[in-house]
Amino acid sequence: SATGYSYEECTATADWLLKRAPERPLVGIVCGSGLGGLAKMLKDELVINYCDIPNFPQSTVHGHAGKLVFGTLKGKPCVCMQGRFHLYEGYAIQKTTMPIRVFKLMGVETVILTNAAGGLNQDFKVGDIMIIKDHINIPGFAGHNPLVGANDDRFGVRFPCMSDAYDRDLQQLVRAVADELDFSVFMRDGVYSVLGGPSFETIAECRALRQLGADAVGMSTVHEVIVARHCDMRVLALSLITNKAVMDYQSEKKANHEEVLETGALRAKQMEKLVSTVVSRIPNTPTHC
Ligand SMILES: Nc1nc2ncn(CCNC(CO)CO)c2c(=O)[nH]1
């Protein structure tokens with residue numbers, strides 16, 4: 001099938017990359033809008049442009065570089081997506097998540113997903129980093145789910161559980177590292193809700209999402225989490241709160257992408273420090289003998 005995301009096509013892409021990668025990566029990192037600097041943390045980096053990778057989609061969003069970076073973080077082999085794919089770019093949902101399956105096929109055991117998000121929780125401030133403890137998959141309510149269609153058992157089961165999607169030990173680890181780095185003042189925990197985009201949400205939608213229990217809103221990440229859990233990778237996900245979502249009709253505030261990128265730049269250093277320290281502390285699961 002020329003979908004670009006069948007098991008065979010993902011395997012072909014993984015094999016193509018492993019031939020070029022310095023070593024098999026254990027941790028996969030996905031950089032959200034304006035957070036591409038995370039890739040610069042990697043030592044002995046090898047950069048491959050998405051346009052040269054077979055079956056890979058192309059990044060179309062400002063602030064998403066479109067490069068796959070291999071390297072090490074404190075000795076741990078990693079692979080980092082500088083630029084991720086979104087429903088609103090018009091790709092098939094399975095296409096937007098195929099890099100996650102390629103990570104799995106390359107040997108990645110843990111994925112760290114970062115994104116920029118709007119703060120629905122009024123206690124949140126611009127620049128806060130929210131540890132995602134759960135998600136609300138709005139497109140999924142309407143059947144827009146990356147696992148729709150024939151299930152390939154080589155990836156995972158037909159009906160995967162999502163109540164344990166966000167690894168509790170990794171959340172604990174992030175909190176401990178944030179305390180050590182004295183970042184606690186801007187660390188939060190919360191529920192991330194995803195919309196399809198590209199239009200930002202209305203005031204009524206923000207209020208409805210808040211009523212549903214969401215603390216932040218974005219246009220990515222959830223589909224990657226579902227695919228990562230389907231193939232049994234551990235997931236840690238962090239949202240950089242880049243603006244406060246507009247919740248009242250008197251407000252003059254207008255959400256915009258430039259503001260998203262600016263906040264990313266402001267908090268990038270701390271996000272890099274946090275993620276790199278966490279990666280260095282992630283225990284490698286004993287290799288299955
Ligand atoms: N209110 C609000 N603020 C946000 N900041 C980042 N994002 C995530 C979406 N990011 C898009 C547009 O910047 C680019 O992927 C959002 C969002 O969806 N809503």
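Counting starts at 1 for both ligands and their atoms, following the listed order.
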Colleague: Would you check if M233 and V227 make a side-chain contact, meaning some heavy-atom pair closer than 4.5 Å?
Modeller: no
Colleague: Heavy atoms under 4.0 Å from ligand 1: which residues qualify?
Modeller: S33, H86, Y88, A116, A117, G118, F200, E201, V217, G218, M219, T242, N243, H257, V260
Colleague: Where do R84 and S59 come nearest, in terms of heavy atoms and distance?
Modeller: O-OG, 4.2 Å
Colleague: Could you pull out all residues at least two apart from D167 that satisfy salt bridge (charged side-chain N to carboxylate O under 4.0 Å, His left out)?
Modeller: none
Colleague: Only counting residues at least two apart or in another chain, list the ones meeting side chain to side chain donor-acceptor pair (under 3.5 Å) with T97.
Modeller: none
Colleague: Would H86 and Y91 count as having a side-chain donor-acceptor pair, cut-off 3.5 Å?
Modeller: no
Colleague: With ring-ring contact (aromatic ring centres under 6.0 Å, His included) as the rule and sequence neighbours excluded, what pairs involving residues 197-241 come up?
Modeller: none
